[in-house]
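In what follows, a single structure is set out as structure tokens and then discussed.
Lettering follows sequence order; numbering is per chain, from 1.
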Protein chains: 2
Amino acid sequence: MAERVRISDVARAAGVHSGTVSRALNPATAHLVNATTAKKVRKAAKDLGYIPDVLARGLRTNRSMTVGVLVPDLTNPIFPPLVRGVQAVLEQHGYTALVANTDGSADTERKVFETLIGRRVDGFVVATGLADPFIAEEAAKRGVPIVLANRGSTSLSLPEVVGNDGQGIVAAIDHLVELGHTDVLYLSGPESFITSVVRTEAFSRRAAQVDGLRTEIVYADALSVTAGEAFMEQVLGRDPRPTAVVAGNDLLALGVYRALHAHGLRCPEDVSVIGFNDMPFAEDFAPPLTTVRAPHQAMGLEAARLLVEAIGADGPQPAVSLSLPVSLVVRESTAPPPRKR
Amino acid sequence: MAERVRISDVARAAGVHSGTVSRALNPATAHLVNATTAKKVRKAAKDLGYIPDVLARGLRTNRSMTVGVLVPDLTNPIFPPLVRGVQAVLEQHGYTALVANTDGSADTERKVFETLIGRRVDGFVVATGLADPFIAEEAAKRGVPIVLANRGSTSLSLPEVVGNDGQGIVAAIDHLVELGHTDVLYLSGPESFITSVVRTEAFSRRAAQVDGLRTEIVYADALSVTAGEAFMEQVLGRDPRPTAVVAGNDLLALGVYRALHAHGLRCPEDVSVIGFNDMPFAEDFAPPLTTVRAPHQAMGLEAARLLVEAIGADGPQPAVSLSLPVSLVVRESTAPPPRKR
DNA sequence: TTGAAAGCGCTAACAC
DNA sequence: GTGTTAGCGCTTTCAA
């Protein structure tokens, strides 16, 4: 088993000092070294298979070239695209992502945050729903920049990249109203998630602007299929029941599907359903889900871009807010309401 | 913006030397230090909010406490559960995962591998389908252990954690035969993926054991929905056409759904379909997909366990092979074949 | 049981 | 344009 090749090995092979090797191999300082020497160094490095030790470099430069990425749960299908967006930009700049799941727990979020601080991450992309001021304060104290992704914050003054959820909700309501619906239920996620609050408020606001629209808001206790199913159950026994439901995300919408199925109701003939996110494979559900498409990959890209910029600037970050457009994708889960009984 | 708290700060606060702090805080060496001193040190560390610098420690101990995790694509829904399995075990042992996508490219795989070597990862979990001997050799040369997950290898002698794919394919065929099917198509993934080869061979072997079963094997050029759709198209125009198709994974099966739909054929009335993996939300497709469930999270857990062990042992790794049971999940995409025309 | 000091691999300030 | 040297924060050997 061969030893790791160090910078000193390259120096010896090239017949120069290790400092020169360092300069020659770093694009930012390469101009300081003689062209022929540089070539010699690069050749020696290549021949020996030298790969710089990023950790040792980081210790010296006070940059780990890593970024912490906090998501609630990687198995929630909206996050992998976001993470890949983040990774794509980070990679271009030599950074590596440390992806951590918080599972919606503030405790876990703090623990994970500390672990990442211990690894000297240069910044954070935070895509978790909780608005924990703790980590924002701690990060600020340490001068580690944070960018929020797929969620804003009312209490925290941080840069954020979000979808224009309000616009999406308006499109959803308008679509239902055009189809002739007059009784619309909004199945919200828990109020502890900032995204739920934003979307629910948008729903209330728009609903109030439409004449003759009766609405109700129900809060599920999680953004999951089972929670959606359980909370939809409460509504379905009633008479009259809503002819359409807008769900706070696609998982909840899927729960609505299941509850409808359990009650022998058809979608969209009996009840129309609209989701939020356009998660992967939403078009393959039964029926294909009408939903608001949010650009998760783009959010990741933009968030990473802002973060890299903030790391480079290393002053206090301006709290810029980027709002990306969303669009209603009409598929087969929405139709005109059934005739009055 | 407060400075980072270093070990020397704790030492000063506790009135001891930094070496003592190091010993007191490390569980493995804590017994070397006086109990009262240790308590004093722990108190000072806590009061100051000391978080050890894992990078600096790693430089000294020659352990980065990171592990590279190679997946083809995080947005393929079978990988997030695997990654979370890996993370769960790593976390228990103080390791952090560096997750990288290879996008099915050997070039990318090598590049990513080098990046991770530059970050001094202590080991690799490799869940990509390609069997690139390059990285196995390079890793061995450097004494960095590798564990394969969700895929074996014929050419590489490495520890691996796989699903019992053969068993799953047998169950799929037997299920179709029981339903009365006599013409079964196997829609395989590309032969460049080791998993495709394993499953296709299992299909051939079992098919040969069943009297009166006519089978055919078609190779798609990617493990994707669009590839599945395209290659299914080739088959559907024919007469007679198969009454059932087994797909190399769920994405291909979804492509089959789409092709059937485009030809005005119903599943399962006209054609039965079986997938492989039981990816998240397979039960929500139209129709709910009958598929072979592979335990991806468990694979991640076991692979990480083997890897942590191998890192600790730091000798040459024994190439243990763990084969986890799979099971056929019968849902609504399979039924008896249509009556003879 | 604790302190002193060296050194992990690298970069950057300084000297020549 | 290149060599020398100090030091990033930590662990660990050696001495006391």
With distance as the sole test, does B/T37 use its side chain to make a donor-acceptor pair with the main-chain N or O of B/V33 at under 3.5 Å?
no
Whether B/S22 contacts D/dT12 is assessed here as follows: a side-chain N or O lying under 4.0 Å from the phosphate OP1 or OP2. Is that the case?
no
Base, sugar-phosphate or nothing for B/V16? Non-hydrogen atoms, less than 4.0 Å.
sugar-phosphate
Between A/T20 and D/dG3, does any side-chain N or O lie under 4.0 Å from OP1 or OP2?
yes
Do side-chain atoms of B/H17 reach the backbone of B/G19 as a donor and acceptor pair under 3.5 angstrom?
yes
Reading DNA chain C from 5' onward, which residue's closest nucleotide shows up sooner: B/V33 or A/R6?
B/V33
Whole-Å distance, A/L59 CG to C/dA12 P, equals 13 Å
Can a side chain N or O of B/S18 be found less than 4.0 Å away from OP1 or OP2 on C/dG3?
no
Euclidean distance, atom CG of residue B/L55 to atom P of C/dG9 [Å, nearest integer]:
14 Å
Under 4.0 Å: is that the gap between some side-chain N or O of A/H17 and OP1 or OP2 of D/dT4?
yes
What integer distance in Å separates A/D53:CG from C/dG7:P?
18 Å
Estimate the overall bend of the helix from C/dT1-D/dA16 to C/dC16-D/dG1 from the end axes over five pairs each, rounded to 10 degrees.
40°
What's the closest nucleotide to the A/Y50 side chain, out of C/dG9, C/dC10, C/dA12?
C/dC10
For the base of C/dG3, is there a side-chain donor-acceptor partner from B/R23 under 3.5 Å away?
yes
Check: A/R151 main-chain N/O paired with A/E160 side-chain donor or acceptor under 3.5 Å
no
Please check if the side chain of A/D122 supplies one atom and the backbone of A/M65 the other of a donor-acceptor pair under 3.5 Å.
yes
Using only side-chain N and O atoms of B/R57, determine if any of them is under 4.0 Å from OP1 or OP2 of D/dT11.
yes
Look at all strands and tell whether A/T37 reaches a base, only sugar-phosphate, or nothing, counting heavy atoms closer than 4.0 Å.
sugar-phosphate
Using a 3.5 Å distance criterion without hydrogens, assess whether the side chain of A/S105 forms a donor-acceptor pair with backbone atoms of A/T108.
yes
B/N101 (side chain) donor-acceptor with B/D103 (main chain) under 3.5 angstrom:
no
Just compare D/dG9, C/dG9, C/dC10 and give me whichever is closest to any side-chain atom of A/R120.
D/dG9
Given 3.5 Å as the limit, does a donor-acceptor pair link the side chain of A/T29 with the main chain of A/R23, or not?
yes
Closer to the 5' end of DNA chain C via nearest nucleotide, is it B/N34 or A/V21?
B/N34
Can you check the B/N26 CG to D/dT13 P distance for me, whole Å?
12 Å
